[in-house]
Number of protein chains: 2
Amino acid sequence: MLSKKTQYAFRALAHLALNYGKDPVRISTIALKEKIPLKFLENILVELKNVDLLESKKGKGGGYSLKISPKKINLATVIRVINGPIALLPCVSLNFYEKCTDCDEETCGIRKMMIIARDSTLKVLEKKTLNDIIIAKD
Amino acid sequence: MLSKKTQYAFRALAHLALNYGKDPVRISTIALKEKIPLKFLENILVELKNVDLLESKKGKGGGYSLKISPKKINLATVIRVINGPIALLPCVSLNFYEKCTDCDEETCGIRKMMIIARDSTLKVLEKKTLNDIIIAKD
DNA sequence: TAATGTCCTACCAAAATAGTAGGAATTAAT
DNA sequence: ATTAATTCCTACTATTTTGGTAGGACATTA
Ligand code: FES
Ligand code: FES
C-alpha cells in the first residue's frame with residue numbers, strides 16, 4: 001500500500017493541477033482545503049519541487065504551482081518520488097533494483113511472475129496522469 | 001513492496017510445490033535449502049496452515065505439505081495472507097477495505113485511477129499460481 | 001516412554017511512518 | 001530600510017511495522 005504521505009502528495013498535486021496556469025497556491029491553503037497536516041505537507045511539497053514537478057515562489061503572493069502540464073505528470077513518477085519502488089520485489093524494480101539475498105535470479109520463478117505483475121501495474125500507472133485524476137472527478 | 005516474510009513464504013511454498021504428492025517436508029529442511037531463518041519460517045508456515053493452504057504432520061516422518069494442488073494456489077491469495085492488501089489505497093482494497101479519512105469517495109479521481117491499477121495487477125496475480133512459479137524455472 | 005517433529009506465547013531490536021518544532025532565507029510591499 | 005508573508009532547512013519525536021529470537025508445550029510415532 002502507498003503511505004499516507006503519498007496519498008497526501010496526490011491530493012496536493014490534484015489541487016495544484018486544478019490551478020495549473022493560474023496564480024501559485026499557498027501551502028496553508030492546500031493544507032486547509034485538502035485537510036493535510038501543514039508542516040507535513042511542507043516536506044512533501046519541497047520533495048516534489050526538488051525533482052522539478054513543482055515550482056515555488058516565496059514572499060507575498062507566493063506559493064506552489066505545477067512546473068509542467070498535469071497531462072505530463074504520470075502516477076508512477078509521483079509514487080517513485082514519494083513512496084519508492086512500484087515493483088513487488090527489489091529484484092524486479094526498474095528504478096530501485098537490489099539483488100535478492102539467497103535467491104538465484106536466473107532460475108527464480110517467483111521473480112519471473114513478479115516481472116509480469118510489475119509490467120501490468122506499470123502499464124496503468126505510467127499511462128495515467130494528474131490530468132486523468134482531475135477529469136475523473138465528474 | 002512485499003515484506004521479506006512474504007518472499008520467504010513464496011520460496012517455501014515453491015519448495016513444497018515441487019514435493020506435492022510426496023512425503024511431507026520438515027521445516028528444518030526447507031529452512032536449510034531455501035536459506036530462511038528457521039524460527040521465522042515456523043511462524044510463516046503455521047499461518048499458511050491456518051488458512052488451509054498447507055497441512056502438517058507431527059512426530060517422526062512429519063513435516064509440511066501443500067493441502068491443495070499448486071495449480072490452485074494463486075499468488076494473490078498468498079500475498080493477502082502474509083502481506084496484506086494488494087491495492088495501493090485502503091479505499092480500493094477488495095479484501096481489506098477501509099475508508100480514506102478526509103477524502104470523498106464519490107468524487108475522488110485518485111481512487112478511480114487506483115481501481116484501474118488494482119484490477120490490472122490482480123489480473124496477473126490471481127491468474128498466476130505456484131505451479132507457474134515452478135515451471136518458470138526452466 | 002523416548003525421540004521427533006510441529007505449535008504456541010512471548011519477547012526484542014531495528015527500521016519505517018507520520019508527524020512536530022523552530023527558525024533561517026527570500027521576496028514583495030510599505 | 002523595515003516589515004510582513006511565504007517557502008525552506010535541520011532536527012527531533014512518538015508510534016507502528018518488520019524481522020526476527022527464545023523457550024517450552026503439545027502431538028505423533030517407534
Ligand atoms: S531473485 Fe528475487 S525473488 Fe528470487
Ligand atoms: S477516497 Fe481514497 S483516495 Fe480519495
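Residue numbering restarts at 1 for every chain, and letters A, B, ... go by the order of the sequence lines. Every heavy atom of this structure was used, including side-chain atoms; hydrogens, water molecules and symmetry mates were not.
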Listed in order of residue number, which residues of residues 83-99 of chain B have a non-hydrogen atom at under 4.0 Å from DNA chain D? none
Using atom NZ of B:Lys4 as one end and atom C1' of C:dA16 as the other, report the distance to the nearest whole Å. 16 Å
B:Ile86 backbone acceptor or donor facing B:Arg118 side chain under 3.5 Å: no
To the nearest Å, give me how far apart NZ (A:Lys49) and C1' (D:dT7) are. 8 Å
Nearest-Å distance for atom pair CD/P, residues A:Glu55 and D:dT6: 17 Å
Does any pair with a residue in residues 16-36 of chain A pass side-chain hydrogen bond (donor to acceptor under 3.5 Å, both in side chains), and if so which ones, sequence neighbours excluded? A:His15-A:Glu34
Take nucleotides 22-30 of chain C nucleotide by nucleotide from the 5' end and write B, S or -, depending on whether a protein heavy atom sits under 4.0 Å from the base, only from the sugar-phosphate, or from neither. BB--BBS--
Within less than 4.0 Å of OP1 or OP2 of C:dG19, is there a side-chain N or O belonging to A:Tyr8? yes
Check the distance between D:dG19's C1' and B:Leu2's CG and give it to me in whole angstrom. 15 Å
With nearest nucleotides of DNA chain C determined for B:Ile27 and A:Ser3 from heavy-atom distances, which residue corresponds to the more 5′ nucleotide? B:Ile27
Just jot down the ring pair (Phe, Tyr, Trp, His ring centres under 6.0 Å) partners of A:Phe10, sequence neighbours excluded, or say none. none
So which pairs with a foot in residues 67-82 of chain B pass side-chain hydrogen bond (donor to acceptor under 3.5 Å, both in side chains), sequence neighbours left out? B:Asp52-B:Lys67, B:Asn74-B:Thr77, B:Arg80-B:Glu126
Nearest-0.5 Å distance, CD1 of residue A:Ile110 to CD1 of residue B:Ile133: 5.0 Å
Taking the side chain of A:Phe40 as heavy atoms from C-beta outward, which of D:dG19, C:dG19, D:dT7 is closest to it? C:dG19
Whole-Å distance, B:Lys5 NZ to C:dA14 P, equals 20 Å
Interatomic distance, B:Asp23 CG vs C:dG5 P [rounded to whole Å]: 12 Å
How long is the line joining CD of B:Glu47 and P of C:dT6, in whole Å? 16 Å
Separation between CE (B:Met114) and CE (A:Met1), nearest 0.5 Å, reads 11.5 Å
Shared hydrophobic cluster, B:Leu94 / B:Leu125 (ILVMFWY, side-chain heavy atoms < 4.5 Å): yes
How long is the line joining CG of B:Asn43 and C1' of C:dC12, in whole Å? 14 Å
Any donor-acceptor pair under 3.5 Å linking the side-chain atoms of A:Thr121 with those of B:Thr121? yes
Taking only residues at least two apart or on different chains, which pairs with a member in residues 91-102 of chain A satisfy side-chain hydrogen bond (donor to acceptor under 3.5 Å, both in side chains)? A:Tyr97-A:Glu105
